[in-house]
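Since the structure comes first, as structure tokens, the remarks are kept for the end.
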Amino acid sequence: MARCRWRWRRVLLCLCCAPCVLVGSLCVYITLAVCYGTTTTTGPGSAAPIPQTLPEFFIASGLTRNGSLAPHPTSSFWDPKPHGGALWNLLQLHIDRHYNPILMPKSSKEHNDIDTSNNNNNNNNNNTNYLRFSLPTLSAGFSEIGNLTSQMEDFQELPLQMQMFVRSMHFRDYPVLIEPANLCGRGLRKGQGLLLLLAIKTQGLNFENRQAIRQTWGWAGWVAGATGKGGVVRRVFLLGKNHAEPRVNVSELLQLESRHYGDILQWDFHDSFFNLTLKDVLLWDWLSAHCPLARFIFKGDDDVLVQTPALLDYLREQTIQSGGPGSEGMKGFMVGDVIGAAIPNRVNFTKYFIPASFYKGLYPPYGGGGGVVYSGELALRLNRISRRIHLYPIDDVYVGMCLHRLGVQPIHHPAFLTFDFPEKEGEERCAYHTILLVHKRSPAQVMKLWSEIMRNQTECSNTILRMEEKNTSDRSVV
Ligand SMILES: *[C@@H]1O[C@H](CO)[C@@H](O)[C@H](O)[C@H]1NC(C)=O
Ligand SMILES: *[C@@H]1O[C@H](CO)[C@@H](O)[C@H](O)[C@H]1NC(C)=O
Ligand SMILES: *[C@@H]1O[C@H](CO)[C@@H](O)[C@H](O)[C@H]1NC(C)=O
Ligand SMILES: *[C@@H]1O[C@H](CO)[C@@H](O)[C@H](O)[C@H]1NC(C)=O
Ligand SMILES: *[C@@H]1O[C@H](CO)[C@@H](O)[C@H](O)[C@H]1NC(C)=O
Ligand SMILES: *[C@@H]1O[C@H](CO)[C@@H](O)[C@H](O)[C@H]1NC(C)=O
Ligand SMILES: *[C@@H]1O[C@H](CO)[C@@H](O)[C@H](O)[C@H]1NC(C)=O
Ligand SMILES: *[C@@H]1O[C@H](CO)[C@@H](O)[C@H](O)[C@H]1NC(C)=O
């Protein structure tokens, strides 16, 4: 009898314990899932998503000339204080928590649809109103993290441009000063879409560069392909505002230029190297409102030469291969000189210097800033996702961060020579017919090379685009 009672007690005990054990396991599982969710989304540089086949390690522009490779960083997935408290990573962690599907199922549900009200629902398209960024989470991050400058222990010792960047990085709502009227509709016949919009970063005083581009590779109108049909091309120059220039009134000249060519898009922010990212986010916003149907966007510098006819052929080919406009492939299409696994530049006297107190981690793959091409559909997606990503001082890296969040892998094409030709190859016959883009050409060189390219068009008509780099380690030398 006593034994029987004892057995009953054991069964009872089991019955009571089983739910506890199950609930315990569930808790552990949820904790793991949440931790995993937050650490994988803390930043493109976070430890988890490093692919197995890492390309050689590449130090971001402006560092060594000796071509040495950096060691792989060792950061732990379990690090309870992510990235040693680097400012950008902390701020981003805050937003990522907000959009974490496990912690905040509601806010993450908005996924692709946040802020579409921006341009569509209220038709306030009067020069200033479509720029209404609503970024409550971005600013919330700031107030929660507290006084930014006191966050960074070495703030006072940082270069001035870094200090300026940190002070204004929560803000991107700069109004348009000059914009083209009807850039994407003007002169287009029915059924004839805009194939390529050339968006070129420039500065007020680079009038010569703009003029050379207008007369050569940036010609607006119907442009024939090298061998194919070609398409409609438009051009727009992206500018901020320069400090007062004592001798000339730049604003006045830009107004004149805009009236004459209708290709100036200027915003009211200080045009500096660390503010270039603003040109990307503001361009995406502007495109969403004024040019949502452009098939492709080129975005690049004003000291490059683009072989537009060959580019048009290439883009038409890619469109067909990926299944036409609107296909999945086109929704995530970006091509350029892709840099695989770069680390921030830590040499404190270079223009590209990023202190460890600001950012820690790897950079995601990104297309070199000399010039990239992406689909109009991708531009609209970038516009939405960029509202969840804090500005980063290096513009091409920032675009890479946005791509990473969208799960888009940019395509590397060896014909984008953002680091110029390998030695002497530029002098070979028809060399310029093998490329889509080459960086660092003066306006005079652009004019001369362009007329040669046109003159040699028939002679070089059988030339194909560059396929593989002869020596990839050359790419780490800037
Ligand atoms: C190359 O430069 C890096 C960074 O300045 C330095 O650490 C390394 O020793 C250099 N390598 C050679 C071979 O000079
Ligand atoms: C733009 O729209 C806002 C709000 O609708 C209005 O207050 C403002 O006067 C408009 N500005 C111009 C220049 O039309
Ligand atoms: C932030 O910190 C700096 C330096 O510690 C201080 O000078 C500044 O007044 C603080 N700003 C605010 C808004 O608290
Ligand atoms: C430049 O010209 C603009 C427009 O005419 C004017 O508003 C501005 O005050 C001028 N700036 C200087 C520094 O003269
Ligand atoms: C960027 O522009 C804003 C607005 O003009 C300015 O306040 C900020 O200091 C600029 N940042 C840099 C790094 O030049
Ligand atoms: C740059 O770093 C070196 C050592 O890494 C240091 O001695 C120097 O003071 C730093 N310069 C500036 C301007 O911070
Ligand atoms: C054009 O052809 C001439 C003669 O064949 C050659 O010397 C020149 O480098 C070529 N230029 C370009 C840009 O292809
Ligand atoms: C690539 O270039 C580096 C120096 O720039 C050289 O040491 C190496 O041997 C080259 N590799 C090949 C395969 O040519």
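It should be emphasised that the depicted structure is a prediction, and the values quoted were computed from it without experimental measurement. As the structure lists them, so they are numbered: ligands from 1, and atoms in each ligand from 1.
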(request) Can you tell me which residues line ligand 5 if we count any heavy atom under 4.0 angstrom from one of its atoms, in chain and number order? (result)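 If the criterion is a heavy atom under 4.0 Å, then ligand 5 touches Q161, M164, F165, S168, Y174, F269, H270, S272, F274, N275.
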
(message) Can you confirm whether E452 is buried at CD, in the sense that more than 12 heavy atoms of other residues, nucleotides or ligands lie under 6.0 Å from that atom?
(response) yes

(request) Mark the output for E427 as yes if a heavy-atom distance to ligand 7 is under 4.0 Å, and as no if none is. (result)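 False for this residue.
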
(message) Ignoring hydrogens, what is the shortest heavy-atom contact between W219 and R214? Give both atom names and the distance.
(response) CE3-O, 3.5 Å

(message) Show the nearest heavy-atom pair for residues T463 and C430, with the distance to one decimal.
(response) OG1-CB, 3.8 Å

Assign the ring pair [X] / [Y] to parallel, tilted or perpendicular, where the plane angle (0 to 90°) is split at 30° and 60°.
{"X": "F333", "Y": "Y314", "value": "tilted"}
{"X": "Y363", "Y": "Y366", "value": "perpendicular"}
{"X": "W284", "Y": "Y374", "value": "perpendicular"}

Give the atom numbers and elements of ligand 7 that come within less than 4.0 Å of a heavy atom of [X].
{"X": "E459", "answer": "5 (O)"}
{"X": "N456", "answer": "1 (C), 2 (O), 3 (C), 8 (C), 10 (C), 11 (N), 12 (C), 14 (O)"}
{"X": "E452", "answer": "8 (C), 9 (O), 10 (C), 11 (N), 12 (C), 13 (C)"}
{"X": "R429", "answer": "5 (O)"}

(message) Once salt bridge (charged side-chain N to carboxylate O under 4.0 Å, His left out) is applied, do any residues pair with E459, and if so which ones, sequence neighbours excluded?
(response)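 Listed in chain order: R429.
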
(request) Quick one: look at R455 and ligand 7, take heavy-atom pairs under 4.0 Å, and tell me if it's side chain, backbone, both or neither. (result) neither

(message) Taking distance alone, with N or O pairs closer than 3.5 Å, would you say Y432 contacts ligand 7?
(response)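 N/O-N/O distance below 3.5 Å does not exist for this pair.
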
(request) Look at the side chain of Q92 and the backbone N and O of R388, then say whether any donor-acceptor pair between them is shorter than 3.5 Å. (result)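 Yes.
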
(message) Rounded at 0.5 Å granularity, tell me how far CG in L177 sits from CH2 in W267.
(response)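 L177 atom CG to W267 atom CH2 measures 10.5 Å (nearest 0.5 Å).
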
